[in-house]
Amino acid sequence: MTLETRLRDRRDAGRKLLMPYVTGGITPTWVDYLRAFADAGADAIEVGLPFSDPTLDGVTIQQATDAALARGATARDILGDISGLEHDVPLVASTYYNLVVHDGPERFCAALRDAGVTGLIVPDLPLDEAGDLEDAAASAGIDLVLLASPATPQPRLDEIARRSRGFIYAVSLMGTTGERSVVAESATTLASRIKRSTERPVMVGFGISTPEHAVEAARSADGVIVGAAVMRRVLDGAIPHDVGADLARMRRALDQERDRR
Amino acid sequence: MTLETRLRDRRDAGRKLLMPYVTGGITPTWVDYLRAFADAGADAIEVGLPFSDPTLDGVTIQQATDAALARGATARDILGDISGLEHDVPLVASTYYNLVVHDGPERFCAALRDAGVTGLIVPDLPLDEAGDLEDAAASAGIDLVLLASPATPQPRLDEIARRSRGFIYAVSLMGTTGERSVVAESATTLASRIKRSTERPVMVGFGISTPEHAVEAARSADGVIVGAAVMRRVLDGAIPHDVGADLARMRRALDQERDRR
Amino acid sequence: MSDPGRQGRFGEYGGGYVPESLVAACREVEEAFREAWVDPGFRGSLARLLAVHIGRPTPLTPVRRLSAELGINLLLKREDLAHTGSHKINNVTGQALLASRMGKTRLIAETGAGQHGVATATVAALLGLKATVFMGERDIERQALNVFRMRMLGAEVIPVGTGSRTLKDATSQAMRHWVGATEDSYYCVGSVIGPHPYPWMVRTFQRVIGDEARGQCASELSTGVPDYVVACVGGGSNAAGTFAGFVDTSARLVGVEAEGGAGAALGRAGVLHGARSLFLQDGHGQIVEAHSVAAGLDYPGVGPEHAYLRDLGRARYVTVTDDEAISALVRLARTEGIVPAIESAHAVAWVIRAAGAGELPSGATVLLTLSGRGDKDVSTLKEQL
Amino acid sequence: MSDPGRQGRFGEYGGGYVPESLVAACREVEEAFREAWVDPGFRGSLARLLAVHIGRPTPLTPVRRLSAELGINLLLKREDLAHTGSHKINNVTGQALLASRMGKTRLIAETGAGQHGVATATVAALLGLKATVFMGERDIERQALNVFRMRMLGAEVIPVGTGSRTLKDATSQAMRHWVGATEDSYYCVGSVIGPHPYPWMVRTFQRVIGDEARGQCASELSTGVPDYVVACVGGGSNAAGTFAGFVDTSARLVGVEAEGGAGAALGRAGVLHGARSLFLQDGHGQIVEAHSVAAGLDYPGVGPEHAYLRDLGRARYVTVTDDEAISALVRLARTEGIVPAIESAHAVAWVIRAAGAGELPSGATVLLTLSGRGDKDVSTLKEQL
Ligand SMILES: Cc1ncc(COP(=O)(O)O)c(C=O)c1O
Ligand SMILES: Cc1ncc(COP(=O)(O)O)c(C=O)c1O
């Protein structure tokens, strides 16, 4: 099943989607986070393949990236760790375009596929430059997720919605990844704009830090991506069980909100 | 009696002339040096009126000057100290031209005369600029001594010899005041050149540091001026008696040399 | 070296690999630049500022004593004499004028040697804009003079403590910051790097160096054109600006990189800071940290147009060690009374080496862009000498 | 402002109050200068060096934001853009060429701010001469950048620990040294001070500032000539060079001194360093030590021609405090993107004060010679700010 089918099915079943993020290779036993996320009710999990220069990331994910690289984590090892896993949650790789260029899009996507990854996010690859990778991803059966931002004008948003696979990543605000105290207004506006132009799932990311945020963001979108808030806990030494518990709280908040409506 | 008459008389009597220097006001009882110099057989004594920027002086006399000024010595006080003295040795003031300009040449020379000074040396006043002071000095009965240097061309040397009063100050070398290990060859050459053009006494100064130097310099000149070598001793704390003893040695060396010929 | 089109391509290099959040901002810059560049009003204002405020044209100095020692005919294009002391000001003057025209009220910049930061702070003050400059902590230490100058000029200097703590990370941080500030802020990139339209626009603003030098060579040299055109390459802006004036001549173009930051000479294709170009990378595609005594060359990549010129064989890229650069600096100082920036000294070092090795034929005419002056490098030199 | 004759007189000022040992050397310099100055070959070489090596002409910069704030029309003559960063190089280029022509192999110089020392070291390197620079210990501390630059350029820097340990004593020491070295060494005086022919010769070499500015004003100003011509005055060389271009016009000439070094404004007639001029003195004729935050203005006297212009009423001399100068420096940096030398900031400070006090009528055109750039002053400013 493709990432998109899976997410659509769940969304269509009335569920708000939850996609936590983890930096691959952040600890020797990092895959335990994946299990914990799955157990906490994640609908998909974003796995960061660390790149030395994460220009769209705020301090938390930068630190996580540095820590993983300092440990010697490589994309190959991370994919190796994943491919051995039993799991039922779709995995979405995310990385910067240089790692794709380094292997070449075909080899890169093939490696993802072989590891059982079904989606890919490349934050520094806008629509205009995405052609090569779109083709390679499609051939490998990987959903290449495109990002939309509050600054994206409508015609371009329409094209992003059309060409994105898996879901559309709605960047909640003009800024980098990182925890925020409130959900930006722009998140709601953007999600609504995207939803008007597509049936594909729309996930809001950047700055979703609490169950309340998740609930708020998910009102106009199909779900949320939680990155820095998770990684802050991981960097602080929280074990998979504890981070899973946080996510479970978010899961419950999202579910309760649905039930309340 | 003018400075010049006095020096000529002694010179014509076959005596080599000795003119020690002391920075006026260098100690509270600095006039004791004058007495000691007189007792040691000085034919004239050069009294420095300290000026803040002694551009033709080397470190020793610079230090002496600084010390005197730091004590608060002024030209007026120094002249006051002198004028109370009983002495039989001609006193020659030496200073930089700014002190002359400050009072005006007339007042300045009058003050010298009133203090019993009979000669004046101004190392930064060359022939070309000397007119005003020559007139004022002549009116006050002060002999304005001009300096000649190894770089002075012959016609100019002739004019210096003609216009200088008291004696001609033959600067032994191209340099500042200060002790040297040998008497520069240029001293002999210059003194001889001057003597060929004048009957006036010729005194060699700059770098005369030992009795041997004095003897050597006095061969082609009528006498020597001893500045830094004296002031080095004074700065080192030598009492008048001791500095007088040094000069007495120089005196004897000069006298013996005459007797030997 | 012409218009790289809407996609900003130089062969396979260039492009706009930016987060979606910056796409609109880059487009806005491109539109504004295209419009301004054909507006005689804009061009006139720029030319006037360069003349009356920056001190252009800069002279072409025939180097006599060193030339005689080397057996060549060396000419220096004197960007060290431009206001603030390097070529960086040419580009900043253009971009800051553009930013004003776009109604932006603040300039964001990254800086390595601090020259681009000082230039940005300078033109910001002149045009009444605010300036925020990102600078690696390591560069802040070794370029203390420039940090102080920026602050005197009223700029905010923000230390960057991540990664190599030099230019690469300062650039990343500036881009991150811009993402959140596109509304009122203009990102004033300091070299021919970054997403389209920057590499092209910066080269266009810097080609005043090459155009002036071309004209000056025409009157100074019997051959009209030098045999060699040499410039140091950090991101590559002074080289690109210089080369642009000579790319259509027979002159051989030589870009000189720091051995520890030789993107063009030793890098491989990748994507960083918005462009596809050549970057130093490890076997896993991670960008390798550059290491150079010259803060302005301490960058693991090179502008996309240089990558293209290299592939075409139109320009050659060579490397020089820290030690060679420092002794070239001292040699130029002692023979010509010019203390070059340590970046520029790399170009001098290559000329000295190549002349010594017979690689530069005896009697060859060599135009070298002296990108900046060495005042900023005193603390570095004190340590090294 | 013309030839002061063989005696080097400007009214009662000037002359050659040097030890007999230096008379021949000064004459030799005068003869050589007179001869060179009428030799088109010498003038041509000088003009070419100034153009291709030093970066002349320097621009005239209309200052927009500060002018608007002050309600005047301020124009800066940008000596900060000359090679090595100040006007001092104009004079040194002339004198060093002269020294070469005279067959001298070494330059001796005194320096305060270090700019004259750097300029001397620079042109010495360029012409293959040796350079020995005397500098007060206090100035060595506060102008560390320039000390390092001189050494990089191969000059010997000799610390002077006597007296005020600043420019005055460095000058005395340089003169003492020259007495013993006239044979092979040329004393390259750094301002319009010293014995004849220096005040006149240095002004003549510096009048390139005024001549250029005159021409530039003619095309820049509708009135052709500015209402005021302002320059800072240490020894007075940048002012003299500037004034020379305007003395025959209706422009009012204003020399700005540091309050603690105001020879022209507060001094009385005396003789120091070879010339009769105005000097700060105590009641006994001792020279008083100057005290200024600006090493280049930290001199208790002024060149004889300024004394004369003051007596004639043709120029006015005013004073500015350390604090005024520092805040003017910051203000110019923040409004115009120019960090001036702290010496030059004195001139800016007076303009700011005079405009504020209505002493400069609203709308007045003011030409100000910005004698140098502020890079050298960083350590001083760090302390003061
Ligand atoms: C003096 C100088 N030269 C060269 C460079 C390198 O930059 P680019 O290659 O863009 O000219 C710098 C960068 O800071 C610099 O300051
Ligand atoms: C930048 C600058 N301006 C002014 C001066 C003062 O000298 P002058 O009055 O001779 O121009 C100096 C002297 O060092 C200087 O460095």
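Remember, it's a predicted structure, so these values are computed and weren't measured experimentally. We use all heavy atoms of the structure for the numbers below, so side chains are in, but hydrogens, waters and symmetry mates are not. Below, chain A is the first sequence line, B the second, and so on; all start at residue 1.
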Anything under 3.5 Å between a donor and an acceptor, one on a side chain of residues 58-67 of chain A, the other on a protein residue two or more places apart or in another chain? List them.
{"unit_1": "Q62(A)", "atom_1": "NE2", "unit_2": "D57(A)", "atom_2": "O", "d": "2.9"}
{"unit_1": "Q63(A)", "atom_1": "OE1", "unit_2": "R232(A)", "atom_2": "NH2", "d": "3.4"}
{"unit_1": "T65(A)", "atom_1": "OG1", "unit_2": "I61(A)", "atom_2": "O", "d": "2.7"}

- Item | Straight-line distance of D124(A) CG to L272(C) CG, nearest 0.5 Å |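 Going from the CG atom of D124(A) to the CG atom of L272(C) covers 8.5 Å.
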- If only atom types and distance count, is the side chain of E20(C) paired as donor or acceptor with the main-chain N or O of A148(A) below 3.5 Å?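 Not confirmed, E20(C) side chain does not pair with A148(A) backbone.
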- Task: Check for a donor-acceptor pair, side chain of S172(C) on one end and backbone N or O of T55(A) on the other, with a separation under 3.5 Å.
- Result: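 No; zero donor-acceptor contacts below 3.5 Å.
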Do any of [range] come closer than 4.5 Å to chain C, heavy atom to heavy atom, and if so which ones, in number order?
| range | value |
| --- | --- |
| residues 94-116 of chain A | Y97(A), N98(A), L99(A), V101(A), H102(A) |
| residues 68-77 of chain A | L69(A), T74(A) |
| residues 194-206 of chain A | none |

- Is chain C contacted by the side chain of P54(A), its backbone, both, or neither, given a heavy-atom distance below 4.5 Å?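 Contact with chain C involves both backbone and side-chain atoms of P54(A).
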Under 4.5 Å from any heavy atom of chain A - which part of [X]:
| X | result |
| --- | --- |
| T171(C) | neither |
| D282(C) | backbone |
| S21(C) | both |
| Q281(C) | side chain |
| R9(C) | side chain |

- Considering residues, nucleotides and ligands other than F33(C), do more than 12 of their heavy atoms fall under 6.0 Å from its CZ?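 Counting neighbours around CZ of F33(C), more than 12 heavy atoms of other residues, nucleotides or ligands fall under 6.0 Å, so yes.
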- Item | Other residues, nucleotides, ligands: >12 heavy atoms within 6.0 Å of E12(C) CD |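 Counting neighbours around CD of E12(C), more than 12 heavy atoms of other residues, nucleotides or ligands fall under 6.0 Å, so yes.
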- Task: Indicate the atoms forming the closest heavy-atom contact of V271(C) with F51(A), along with that distance.
- Result: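 Scanning both residues, the minimum pair turns out to be O-CZ, 4.4 Å.
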- Task: Please name the pair of heavy atoms, one in Y17(C) and one in P126(A), separated by the smallest distance, quoted to 0.1 Å.
- Result: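 That closest heavy-atom pairing would be CA-CD, 4.0 Å.
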- Give the intermediate values and the outcome of side chain to side chain contact (heavy atoms under 4.5 Å, CB included) for residues R27(C) and D128(A). CA-CA 12 Å; R27(C) 292 256 165 101; D128(A) 327 82; 2.7 Å; yes
What residue in [options] has the most heavy-atom pairs under 4.5 Å with chain A?
| options | answer |
| --- | --- |
| V179(C), L22(C), V23(C) | V179(C) |
| H177(C), K168(C), Q7(C), E183(C) | K168(C) |
| H273(C), M175(C), R276(C) | R276(C) |

- Item | Pick from P153(A), A151(A), P123(A) with the largest number of heavy-atom pairs that fall under 4.5 Å of chain C |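 Most heavy-atom pairs within the cutoff with chain C belong to P123(A).
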